[in-house]
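Structure first, commentary second.
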Amino acid sequence: MMMARGLVSMLCFMSLVYGQSTPDLASMNALRKSLTLPTGFGWTETDPCLWKGCQCDTSKRITRIQLGDTSISGTLPSEIGKLSSLTVFEVMNNQLTGKIPSLSGLSSLQRVNLHDNRFTSIDADFFTGLSSLQSLDLDNNPFGPWEIPLSLKNATSLVEFSANNCTLSGKVPPDFLGGLTFPSLTTLKLSANFLVGELPMSLSESPVQVLLLNGQKGVEKLNGSISVVQKMTALTEVSLQGNGFSGPIPDFSGLVSLKSFNVRENQLTGIVPSSLTELESLSDVALGNNLLQGPTPIFKADMTGLNSFCLNTSGTPCDPRVNTLLSIVEAFGYPVRFAQSWKGNDPCNGNGWVGITCSGPDITVINFKNMGLTGTISPRFVDFTSLQVINLSQNNLTGAIPQELTKLSKLKTLDVSNNHLYGKVPDFKPNVVETSGNPDIGKDGLDLLQVPLVRLPGIVARKHLKKMQYHKMHPQQDSGDQDALKITIENLGASGSESGLSGNDAHLVEAVNIAISIQVLRDATDNFNEKNILGRGGFGTVYKGELHDGTKIAVKRMESSIISGKGLDEFKSEIAVLTRVRHRNLVVLHGYCLEGNERLLVYQYMPQGTLCRYIFHWKDQHLEPLEWTRRLIIALDVARGVEYLHSLAHQSFIHRDLKSSNILLGDDMHAKVADFGLVRLAPEGAQSIETKIAGTFGYLAPEYAVTGRVTTKVDVYSFGVILMELLTGRKALDGTKSEEEVHLATWFRRMFIEKDSFSKAIDKTITITEETLGSINTVAELASHCCAREPQQRPDMSHVVNVLVSLVEQWKPAERSRDLEDINGFDYKSFFSQMGLGGSTSNAGNTLTSFPSQPPEFENTFKSGQGR
Ligand SMILES: *[C@@H]1O[C@H](CO)[C@@H](O)[C@H](O)[C@H]1NC(C)=O
Ligand SMILES: *[C@@H]1O[C@H](CO)[C@@H](O)[C@H](O)[C@H]1NC(C)=O
Ligand SMILES: *[C@@H]1O[C@H](CO)[C@@H](O)[C@H](O)[C@H]1NC(C)=O
Ligand SMILES: *[C@@H]1O[C@H](CO)[C@@H](O)[C@H](O)[C@H]1NC(C)=O
Ligand SMILES: *[C@@H]1O[C@H](CO)[C@@H](O)[C@H](O)[C@H]1NC(C)=O
Ligand SMILES: *[C@@H]1O[C@H](CO)[C@@H](O)[C@H](O)[C@H]1NC(C)=O
């Protein structure tokens, strides 16, 4: 043994001193053997460090192989994957063929240049572990059809990725480009391939400066909207030429570095925005051969090739009728069909503008029936005072019928049947408007109906809330607010005998009014007195309050600056969700207020505040740390609330912002999930929906952070992080910790794998006994499972509930009977009292809301608005 070790060190010593052998000799010999080198190339020395184009470091390891433009042919052997000190590998402009072998694990490799060869394929494992790779060029190789392998995600240092003209097929990978995976990526060139489909939303967060996607060669090409470039503010050069992109050119005002923009030969429609024509940095623009509409813009752009401008002379405005028609179709997203048909500057010239009928120069009929239109009805129809008939039936229009249209004095028919319109129908003359086939027409106010109705699960499913109606409330004694909304719930449980609700009771439920006037809330909070502030969130301030009857409430008041846009969306989302879902582990919404600029939500008060308070701040707040069994029960409460959200009959809500500061505790220390501002309705089936990323760092599932795609598994991940917090007493993100401990989920998984160190990770305040240890281990395992990297590897919430139930059962038989008394966890008592049945709201539960000051967690919240 001793002798062997001595021998090895002696050999090493010899190789260093005499340079006789390098650990890379065998690999380099294999390379020499599989290449066909031109005569006189050399590579005859025994030491490969001396070979032409090769370089070694002081330990005689090969660091560079640079054989570009050397007329070599042959193939690359798999042995190059063993050159573990390699930093640069260049063989461009040769006649190499065969497969590009895996370079998996070459963690020093920075630059790989393989362009202009005859390689026929690339190993799917090529990128695995290439954590230092900055630049890769694969251009002009005759690969068989291939897609960018998942392993590329390992190459997180990428700066330049070029794969032009190398038979790349399929879609641009959804999470390939996200700034979170590739924070340094500045150049992305994928021209002249066979890519299809739409640009992924993740691109919008990418720091890419040069984006070349032009000239896809398949019959199908890249298509859909180019709106994603609007947010790519680092762009300097964009080439999207020769694809199937459609829709309008987005706002370019943020792209202050853009020099070159080529979108020739697509199907772009709409008016060229002034944000593009006025962009100072721009020197090179090509817009020809699209379907662009409106006036021919004045600016130095290559316009050769056709468009659908109204006039050929730059800068001359279009006929007012054309402008109005363009406004109308703008609200539909400028469909290609109109851009193709509407040529020139006179809609009444008899050239068959699709959908338009004139009498002389006046438009009298607009008939867009059954054209597959989406979007909304523009109020600009009103400009055509001679209009007699508007037919928009059998499309997919949303929004309300604009009030303005009642001013069209000659209008005989407005047919909007069979769309998805909602809102109050304006007062037209009798028999003018036809609205049949719009299920939500007449429902008012908030476009709550973006969130379709849901059914309650289990027993309740049979007596589900059939219909909710929203209509304006008329001024009343107790609330003089004109805008307050009234929510009427009709037909609750009309058929269920188990419900305990007779037909009469159902009648009683009607007209439950959850609009609360601002004056009531001012009184309750002492005019929003600072001393009543419980916390501040990204969207407003939460106050504690007390109603006249003594009911304690928590009032969330939105900042007026965020009332429009995303803030309003979240406000609506929260009302929409909370009025539809009832569960004892979800916080109860008592009502809301919409008056003037005020937007307030009123919740049940939760006296013990957030879970954060108990696991991170218990010392400052003079609280007792939570015992293990209590943590288990809280975890189970949260799991049940989330399971319920995920499994509402055949529809499913995704919370998207689960975190310990959104978990509230009642005096009985049972937990409820709060903050439904980001909730999304999950699509049917297993597919995901793309949204703008919103949520809180530290709790974001990786696939969501990168692609914005959400499934219920995003919540499962966040729940896993909460379990880790309960186990360790550490925050999801803790900036005060060292680099490798900042991110709880990453650190936890590492600690969990190293079984020895795992016990050190457990919160010191948890008393570890033989009894608790088993259950701690099970929860740790569950937490890791929930935080699995791949969403499909994470369990469903129902599985999580089962695991936790068995632990709680084992631990606290007494708790069990209370916790398991109803299978659905549906809080009937609270629900019925909310509905005005049986008891006042004040005994709605011993569970009450509060949002004690938790600035750190709130500040971590970032919400970049919401996509659809
Ligand atoms: C595309 O790549 C092929 C080799 O696969 C090459 O022959 C051809 O010249 C390349 N096209 C361009 C425009 O460079
Ligand atoms: C690298 O890629 C492989 C293959 O896709 C994947 O299994 C692995 O998790 C990745 N490793 C890292 C560190 O991302
Ligand atoms: C884009 O092309 C795909 C086929 O590659 C097609 O399914 C999809 O509908 C197209 N999308 C648009 C917006 O044209
Ligand atoms: C613009 O010019 C083209 C080519 O000269 C001609 O075909 C087209 O009719 C013109 N369009 C208008 C609106 O005058
Ligand atoms: C509008 O179009 C629909 C669908 O073709 C048709 O059924 C309806 O009669 C039209 N309405 C009027 C007023 O012409
Ligand atoms: C209309 O829109 C809904 C939802 O936006 C969609 O599910 C449906 O497929 C659309 N229908 C048509 C005919 O486009």
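Any value given below was found using the heavy atoms of this structure, including those in side chains, with hydrogens, waters and symmetry copies removed. Whatever order the structure lists ligands and atoms in, that order sets their numbers, starting from 1.
- For Asp251, there are no salt bridge (Lys or Arg N to Asp or Glu O under 4.0 Å) partners, not counting sequence neighbours.
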Please list every donor-acceptor pair under 3.5 Å in which a side-chain atom of residues 88-104 meets a protein atom from a residue at least two apart or in another chain.
| from | atom 1 | to | atom 2 | distance (Å) |
| --- | --- | --- | --- | --- |
| Glu90 | OE1 | Gln66 | NE2 | 3.4 |
| Glu90 | OE2 | Arg111 | NE | 2.9 |
| Glu90 | OE2 | Arg111 | NH2 | 2.8 |
| Asn93 | ND2 | Asp69 | OD1 | 3.4 |
| Asn94 | OD1 | Thr70 | N | 2.9 |
| Asn94 | OD1 | Thr70 | OG1 | 3.4 |
| Asn94 | OD1 | Ser71 | N | 2.8 |
| Asn94 | OD1 | Ile72 | N | 3.2 |
| Asn94 | ND2 | Leu67 | O | 2.9 |
| Asn94 | ND2 | Val91 | O | 2.8 |
| Asn94 | ND2 | Met92 | O | 3.2 |
| Thr97 | OG1 | Arg118 | O | 3.2 |
| Ser102 | OG | Ser104 | N | 2.9 |

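- The N/O atoms of Thr413, backbone and side chain alike, include none that comes under 3.5 Å of an N/O atom in ligand 5.
- Between Ser417 and the options Asn419, Asp415, Leu421, a side-chain contact (heavy atoms from CB on, under 4.5 Å) holds for only Asp415.
- The closest donor-acceptor contact from the side chain of Asn418 to the backbone of Asn395 lies at 3.5 Å or more, if one exists at all.
- Within the 6.0 Å centre-distance limit, the rings of Phe261 and Phe252 are counted as a close aromatic pair.
- Sequence neighbours left out, the pairs with a member in residues 366-416 that pass ring-ring contact (aromatic ring centres under 6.0 Å, His included) are Phe338-Phe368.
- A donor-acceptor contact closer than 3.5 angstrom links the side chains of Glu434 and Ser436.
- Considering backbone and side-chain atoms alike, Asn391 places an N or O below 3.5 Å from some N or O of ligand 5.
- When non-hydrogen atoms are compared, ligand 5 lies under 4.0 Å from the side chain of Gln394 (C-beta onward) but not from its backbone.
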Sub-3.5 Å pairs, protein N or O with ligand 3 N or O:
| from | atom 1 | to | atom 2 | distance (Å) |
| --- | --- | --- | --- | --- |
| ligand 3 | 2 (O) | Asn223 | ND2 | 2.2 |
| ligand 3 | 5 (O) | Glu220 | OE1 | 2.8 |
| ligand 3 | 11 (N) | Asn223 | ND2 | 2.9 |
| ligand 3 | 14 (O) | Asn223 | ND2 | 3.2 |

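- Heavy-atom contacts of Ser393 reach the following atoms of ligand 5: 1 (C), 2 (O), 3 (C), 4 (C) (cutoff under 4.0 Å).
- Looking at Asn141 against ligand 1, only its backbone comes within 4.0 Å, counting heavy atoms.
- In summary, Asp346 and Arg321 engage in a salt bridge, as defined by a charged side-chain N under 4.0 Å from a carboxylate O.
- Taking every heavy atom of Lys369 and a limit of under 4.0 angstrom, the matching atoms of ligand 5 come to 1 (C), 2 (O), 3 (C), 4 (C), 5 (O).
- The closest donor-acceptor contact from the side chain of Asn266 to the backbone of Phe245 lies under 3.5 Å.
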